[in-house]
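These notes concern the structure reproduced below.
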Amino acid sequence: MSERYGFSLTTFSPSGKLVQIEYALNAVNAGSPAVGIKASNGVVLATEKKSKSLLHDDRTIHKIEPICKNIGLVYSGMGPDYRLLVQKARKLGQEYMLIYEQNVPPTQLVKRVADVMQEYTQSGGVRPFGVSLLICGYDYDEDRPFLYQCDPSGSYFPWKATAIGRNYINGKTFLEKRYSDQLALEDAVHTAILTLKESFEGQMTEDNIEIGICDKEGFRRLTPAEVKDYLAQIG
Amino acid sequence: MGDDIMSYNGGVALAMKGKECVAIACDKRYGVQNKTIATNFTKIFQYVLFENVSFFLKVQTVSERLRFRTNLYELREQRKLKPLVLYNMLTNLLYERRFGPYFVYALVIGLDPKTGETYVFDSDNIGAISDNVNLATVGTASDYIFGLGELFFKPNMNADELFEATSQALLNGVDRDSASGWGAVVYVVEKDKVTVRELKGRQD
């Protein structure tokens, strides 16, 4: 938080819009696509991870990040903003653990992260985050998976399936046709890959997409070998 | 009484497990060292169930502060607290005052209505955690009632046997301690109900 500015940079326009947030959403929609699908027994997150050069050593940078045992994140938009949010989300998760000795339920973490994002639309001297997050998690109390989207404004939405980033409208239309409540996690992974394929330019390999799944066992990112298997099944 | 702050007010509490039931009992004396001031001071507060003994003001404060946290939890998370979570919150609350502690020893009991799992925990005044035990006591007569409790305890008691064991252990144990007594209150928690009974013991 800047000490110098005592006023917010995000102010209302005459029509009642917060223009900075609209622009932040533009930044999100220009980012690479990400997809989240909630199955009956888990959630899958998938994203495009294209590198700009053949010289990039991709295997060390990840877009899908675990927050705690039962929660994972992916984003669309500005990478550095995402990094900060991941750090904050992890800290919030551990603060919860310190007091209650329980893994934070996804609903609670989403509220806290969304509050952070909202702070940056009202505090002095800062700009909104240029990312939308897809947060997936498993709630052990209710014994079911959750998928949420968090926007730069601080609003959050629970989804059965959604797409964010470039071509998200096409992605969502595709998902509306393909989604069913009886979907199992395996099928959800397939559907997620197919959704990404709709807006993918070039050949999809295990190195230029990332997939994470969250089920009762917890959240984990799939290894490139596992991704390769799924891609082979798609053909 | 001596100088010990934890025995300034006197008082005692006992918690015991049964089969799908738990009981917690406390005496009713409120005193200041050797002066008895009130004989209707029950020290049990119900969240799940939570009991504090010793310094009167701190009892109120700790229970009020814990109630603050539990109310917010239930509003935020839209669900009831589990006994283990309540216990962790309490120990966290107590440890926050590690270098200027609340003068309370705490006993927490709880029952999961779905699984029937029973919980009995105790804690010192800076929030040291205990395992889920069969029997726990706190207070000035804690050693005496612990001995009797161990004698009367059997595994898998039903609610009536549990009530008998708890009340006998408490009533007879406090007779050895001048700072506790003046009757007892026993809460027996079962899956579907909580039974509260007031007992008359030696009024001294």
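All of these numbers come straight from a predicted model, not from anything done at the bench.
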So, are [X] and [Y] salt-bridged, with charged N and O less than 4.0 Å apart?
{"X": "A:R220", "Y": "A:E226", "value": "yes"}
{"X": "A:R127", "Y": "A:D81", "value": "yes"}
{"X": "B:K193", "Y": "B:E190", "value": "yes"}
{"X": "A:R112", "Y": "A:E95", "value": "no"}

Could you look at [X] and say if it's the side chain, the backbone, both or neither that has a heavy atom under 4.5 Å from chain A?
{"X": "B:L84", "answer": "side chain"}
{"X": "B:R69", "answer": "neither"}
{"X": "B:N92", "answer": "side chain"}

**OP:** Would you please name every residue forming a side chain to side chain donor-acceptor pair (under 3.5 Å) with A:S155, sequence neighbours left out?
**Re:** A:S153
**OP:** Verify, without hydrogens or angle tests, whether A:R178 (side chain) and A:A188 (backbone) share a donor-acceptor contact under 3.5 angstrom.
**Re:** no
**OP:** Spell out, as yes or no, whether a donor-acceptor pair under 3.5 Å connects the side chain of A:K63 to the backbone of A:A46.
**Re:** no
Original post:
Using non-hydrogen atoms and a limit below 4.5 Å, what part of residues 98-111 of chain A faces chain B?
Top reply: A:L98, A:I99, A:Y100, A:E101, A:Q102, A:P105, A:Q108, A:K111
